[in-house]
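All remarks here apply to the structure that follows.
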Amino acid sequence: MTASAFSLLFVLVLLAGALLKAVLMLRQMRHVRARRDAVPAAFADSINLSSHQKAADYTGARMRLGLAELAVSLLFVLGLTLGGGLQAVSDAWQAYFAPGTLAHGIALLATLGVLSWLIDLPFALTRIFGIEKRFGFNRMTPALFAADTAREILLAVVLGLPILAAVLWLMGAMGERWWLWVWAFWFGVNLLALLIWPTFIAPLFNKFTPLADEALRARVEGLLERCGFRSRGLYVMDGSRRSAHGNAYFTGFGAAKRIVFFDTLLDKLAPQEVEAVLAHELGHFHHRHVLKRIAVMGGGSLAVLALLGMLIEQPWFYAGLGVSGTGTAMALALFSLVLPAFTFPFAPLMSYWSRAHEFEADRYAARQTRAGDLVSALVKLYRDNAATLTPDPLYSRFFDSHPPAAIRVARLQSQT
Ligand SMILES: [Zn+2]
């Protein structure tokens, strides 16, 4: 391939993907707005018109921000690649570090990380202190936001930089098959992260306290017993410090796995509904969804690294993306900017897979508890999180990891 042919291919794929995303978001806005004035029949008894309209307006506000973010990220990627941005960053660092050295590579990639973070910052601020606040969800103070940011930067420096340095070193030192080594290292780091996240990283940001409510505890332990599930414990997380959105999740694996309820979820749901939500989470465990996800991510990252192993040797890959030099760090930087454009067409596949898992977990919950309890829990969560009940089907196919409300509830009701 020639450099100019690759430039053309890249621009076409990038623009086509951005256009498709914009069309999907506009469809979602139109679809939701057109259904704003009537609650769908299946929810008419449980969700009132003002909640339904709030969900429609919330969806619209997030889509508008998403469109602005899409435009800015398109300019960002084009500016750094064909616009010569990355080349300029690399040249600037050459005044301090010799090109091709580990220090120069780390400086280049760290700068890319800082630039991406800066570009994202106004959107994060608008999301939290604009939209979430306007719709009554935000509990985050500017001081907490600053403290969170400081902790994230510290983690990036203490954990991120050494990992990056190790990857760059492996790329340089391991010969032609470096990508196998990098993959093994990367996979190991990810498994380790899953293992230490719940006990060491998550507590830096939130307080986790053992579930204290005796009656609920007994109910939940009964369910765990029936499902043959052993875990390190049941925890309540102070999610209310940052947001009014409620959730429950299940983290870690092996002996480190634990079940975490947001305090905001426990406030909203009746005990039998909490049990049903937990049964759904156990369904993910029972069907080994976490393991399957890890396996697919492992396979995917191996394929992606093998591809990078090929591209790194091709002069057209660099020249086609507006860079005059070559090198491992530059290849990594370009690759991380360009890859999302080429993987976006797979988004519907991944979303489909994720929704299939949700259906499986729901079916499991319907067997272990009462489907009606899960339905009423879901309806409360849709209502209180202002999740739209009427998503555009095509938008949903691309972006929704969970099935649309109406389909999910109808399927559960058929399982009672
Ligand atoms: Zn789920």
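All of these numbers come straight from a predicted model, not from anything done at the bench. Note that ligands are numbered from 1 as they come in the structure, with each ligand's atoms numbered from 1 the same way. Worth knowing before you read on, the calculation uses all heavy atoms, side chains too, and leaves out hydrogens, waters and symmetry mates.
For the pair Arg127 and Phe123, the NZ or CZ position fails the cation-pi test of under 6.0 Å to the six-membered ring centre and within 45 degrees of the ring normal.
The Zn ion (ligand 1) is closest to atom OE1 of Glu358 (considering only N, O or S atoms).
The pair Arg241-Asp263 does not count as a salt bridge, with every side-chain nitrogen at least 4.0 angstrom from each carboxylate oxygen. Salt-bridge check for Arg408 with Asp362: passed, with a basic side-chain N closer than 4.0 Å to an acidic carboxylate O.
At a threshold of 2.8 Å, the Zn ion (ligand 1) has a backbone or side-chain N, O or S atom of His280 nearer than that distance. In summary, no N, O or S atom of His357 is located under 2.8 Å from the Zn ion (ligand 1).
A donor-acceptor contact under 3.5 angstrom links the side chains of Glu358 and His284, judged on distance only.
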